[in-house]
Amino acid sequence: MASSSCELPLASWCEGAHQRKHETGRPQVLVLYETEPVSLAAAAPRREAEGAADVIPVLVCCLERIGHADLLHALACGFDVIHLQACPGSAGGAHQQQVELARVLGGLGRILLFEDAGTLAQRLQAGIFPFPSLAPGVLAVGSRRDTARASAAALLPAKTGIIALPEQAPYGAVSLDESCCTHCSSCVWVCPSDALSLTENGGALSFVESLCFQCGLCVSICPQRALQMEPGMDLTASAVLPQLLTGEEGRRETEPGHTGLPPNLPAG
């Protein structure tokens with residue numbers, strides 16, 4: 001079992017895992033590393049053994065480039081567990097944030113960091129899979145944000161609504177204290193992703209959660225301090241639709257003319 005190099009994202013490896021899982025039903029294990037920690041061929045369980053997994057080692061030139069979207073996509077497309085070599089030095093903190101974000105969005109218990117060869121070898125030989133295997137499905141991959149959102153929806157329970165995320169997460173909503181808002185439009189002008197806009201009559205703020213990456217420009221420029229960021233991810237259909245920011249606590253209502261359903265779906 002020879003390890004292989006790859007160029008990110010890990011799309012080709014995800015496709016391979018999806019196909020193997022569909023054809024054989026064997027668990028799929030992804031090992032990502034910068035420095036080969038152990039003879040992976042010796043550490044991996046024999047495929048003939050009952051319940052043995054396919055262990056796919058991938059040499060990555062820079063582990064910092066592995067983001068939460070890559071990890072979530074790999075899990076949603078057929079990998080059961082990801083063993084990820086911990087980033088050394090100053091890069092470790094930022095990379096840990098990406099790992100934690102992926103865990104909250106559906107990777108809890110499935111993304112395991114390792115620092116030494118012994119730990120990895122023990123885990124591979126144990127072959128423990130704490131959760132039922134996810135039936136692989138082909139995801140529509142657009143932007144990396146689209147990939148992360150679609151993967152989280154596949155990994156988390158079907159009725160999951162809004163997931164609270166840690167501070168500095170690149171997903172979330174904006175809340176409005178309407179009593180302070182003067183409709184000066186400063187927040188709309190600075191929004192780099194067009195998540196904020198004015199309604200046609202200019203009387204209210206409209207917000208699309210799926211476009212917001214929590215940059216904070218709207219909060220910082222508001223002269224009345226009427227806006228606040230709320231890190232999270234809304235996995236309901238309303239996340240991709242314009243919502244009116246109304247009410248003292250920033251309650252969001254679907255804009256008139258929208259059914260709350262994705263485009264091209266009937267209302268009844």
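The structure presented is a predicted model; accordingly, all values stated were derived computationally and were not measured. In this chain, numbering begins with 1 at the start of the sequence shown.
Counting non-hydrogen atoms of other residues, nucleotides and ligands closer than 6.0 Å to CD of Glu167 gives a total of 12 or fewer.
The minimum heavy-atom distance linking Ala69 with Thr147 is given by the pair O-CG2, 4.0 Å. In this structure, Arg103 and Ile111 approach most closely via the heavy-atom pair NH2-O, 2.9 Å. Scanning both residues, Val104 and Leu156, for their nearest heavy atoms gives O-CD2, 4.4 Å. The nearest pair of heavy atoms linking Ser206 to Pro242 is OG-CB, 3.4 Å.
Under the 4.5 Å side-chain heavy-atom criterion for grouping Ile, Leu, Val, Met, Phe, Trp and Tyr, Leu155 is connected to Leu101 within one hydrophobic cluster. Taken together through direct or relayed side-chain contacts under 4.5 Å among Ile, Leu, Val, Met, Phe, Trp and Tyr, Ile163 and Leu71 form part of one hydrophobic cluster. Placement of Leu59 and Leu124 within a single hydrophobic cluster is found when ILVMFWY residues are connected by side-chain heavy-atom separations under 4.5 Å, directly or transitively. Cluster membership check: Val174 shares its hydrophobic cluster with Leu198, using side-chain heavy-atom separations under 4.5 Å among Ile, Leu, Val, Met, Phe, Trp and Tyr. Taking hydrophobic clusters as Ile, Leu, Val, Met, Phe, Trp and Tyr residues chained together by side-chain heavy-atom distances below 4.5 Å, Val219 does not share a cluster with Leu217.
Rounding to the nearest 0.5 Å places CE of Met233 at 12.0 Å from CD1 of Ile162. Here the CG-CG distance, from Leu245 to Asp177, works out to 11.5 Å after rounding to the nearest 0.5 Å. Annotation: the span from Cys181 atom SG to Leu205 atom CG amounts to 5.0 Å, rounded to 0.5 Å. How far CD of Gln98 is from CG of Leu72: 10.0 Å, rounded to the nearest 0.5 Å. Atoms CG and CG, on Leu105 and Leu165 in that order, are 5.0 Å from each other to the nearest 0.5 Å. Rounded to the nearest 0.5 Å, atoms CD (Gln224) and OG1 (Thr182) are 5.0 Å apart.
Between Ile56 and Phe79 there is a side-chain heavy-atom pair separated by less than 4.5 Å. Side chains of Arg149 and Leu235 form a contact here, defined as non-hydrogen atoms less than 4.5 Å apart. Under the 4.5 Å side-chain criterion, counting only non-hydrogen atoms from C-beta, Leu113 is not in contact with Glu115. Taking 4.5 Å as the limit, every side-chain heavy atom of Cys180 sits out of range of all side-chain heavy atoms of Arg225. By the 4.5 Å heavy-atom criterion applied to side chains, Phe114 and Leu84 are not counted as neighbours.
Partner of Cys218 under the side-chain contact (heavy atoms from CB on, under 4.5 Å) criterion, chosen from Cys191, Cys187, Pro192: Cys187.
Of the possible donor and acceptor atoms, none in the side chain of Glu34 sits under 3.5 Å from a partner among the backbone N and O of Gln85. At distances below 3.5 Å, not a single donor-acceptor pair connects side-chain atoms of His73 with backbone N or O atoms of Cys14. With hydrogens and angles disregarded, a donor-acceptor distance shorter than 3.5 Å links the side chain of Ser193 to the backbone of Leu211. The closest donor-acceptor contact from the side chain of Arg145 to the backbone of Pro170 lies under 3.5 Å. At distances below 3.5 Å, not a single donor-acceptor pair connects side-chain atoms of Ser151 with backbone N or O atoms of Ala148. With hydrogens and angles ignored, the 3.5 Å screen pairs a side-chain donor or acceptor of Glu209 with a backbone N or O of Asp234. Judged by distance alone, the side chain of Ser210 and the main-chain N or O of Ala239 form a donor-acceptor pair under 3.5 Å.
With no hydrogens or angles considered, no side-chain donor-acceptor pair links Glu64 and His95 at under 3.5 Å. There is a side-chain donor-acceptor pair under 3.5 Å between Glu100 and Gln96. A donor-acceptor contact closer than 3.5 angstrom is absent between the side chains of Gln28 and Asp80.
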I'd like to know whether Asp70 forms a salt bridge (charged side-chain N to carboxylate O under 4.0 Å, His left out) with Arg144, so could you lay out the CA-CA distance, the side-chain angles of the two residues, the decisive distance to 0.1 Å, and finally the verdict. CA-CA 8 Å; Asp70 301 301; Arg144 295 177 70 83; 2.6 Å; yes
